[in-house]
Amino acid sequence: MDDQSDEDLSQRDLSQVAEENLTPEEQNELKRRFDGFLALLREKMGSKRRPRAKSKPKIEPRLDNKNVQSWDPPVVPRKPS
């Protein structure tokens, strides 16, 4: 590829092109753009990044059931048919 087509590809809007219709050069360009975005994000965020959770937080069961009352619906007799 010559410099003219490389410049065109770097400026081309590829957002409306379906992924299966991308040429290998366009796929490489999208990967380059994404990698550049990630590098910029890491540079800007620095140590402000939230650490990833190692496991899901454990949910403690509620033990204060003192005020909870079970509800028994009234029994309504059936009418004979």
Side-chain angles (χ1 to χ4, degrees):
M1 254 189 208
D2 58 355
D3 292 335
Q4 182 71 20
S5 62
D6 287 342
E7 186 176 318
D8 290 344
L9 185 59
S10 67
Q11 299 299 315
R12 193 177 309 158
D13 179 15
L14 300 172
S15 62
Q16 301 300 318
V17 181
E19 188 174 350
E20 58 269 4
N21 296 337
L22 291 173
T23 65
E25 292 83 17
E26 290 171 334
Q27 291 174 353
N28 291 338
E29 175 61 21
L30 284 178
K31 182 171 177 7
R32 185 194 65 77
R33 292 179 192 181
F34 184 69
D35 290 343
F37 168 75
L38 289 180
L40 182 64
L41 188 63
R42 287 185 187 112
E43 177 186 316
K44 294 290 182 188
M45 293 297 289
S47 63
K48 296 178 192 173
R49 290 179 59 194
R50 189 177 81 199
R52 292 185 179 189
K54 295 184 181 184
S55 64
K56 292 184 178 179
K58 295 180 182 176
I59 300 174
E60 297 291 328
R62 289 184 52 168
L63 300 176
D64 58 348
N65 294 340
K66 297 173 186 171
N67 297 331
V68 177
Q69 297 176 355
S70 62
W71 179 72
D72 291 329
V75 177
V76 178
R78 292 185 175 187
K79 294 181 182 177
S81 40

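All residue numbers in this chain count up from 1 along the given sequence.
In summary, Arg12 and Glu26 engage in a salt bridge, as defined by a charged side-chain N under 4.0 Å from a carboxylate O. A salt bridge links Lys31 with Asp35; the closest basic N to acidic carboxylate O contact falls under 4.0 Å.
Distance CG/Leu40 to CZ/Arg42: 11.0 Å, rounded to 0.5 Å.
The shortest non-hydrogen separation linking Glu29 to Leu9 is CG-O, 3.8 Å.
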Exercise for the section: Kindly determine whether Leu14 and Arg33 satisfy side-chain contact (heavy atoms from CB on, under 4.5 Å), including the steps that lead there. Expected result: CA-CA 11 Å; Leu14 300 172; Arg33 292 179 192 181; 4.1 Å; yes
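Leu30 and Phe37 are assigned to two separate hydrophobic clusters, defined by single-linkage of ILVMFWY side chains at heavy-atom distances under 4.5 Å.
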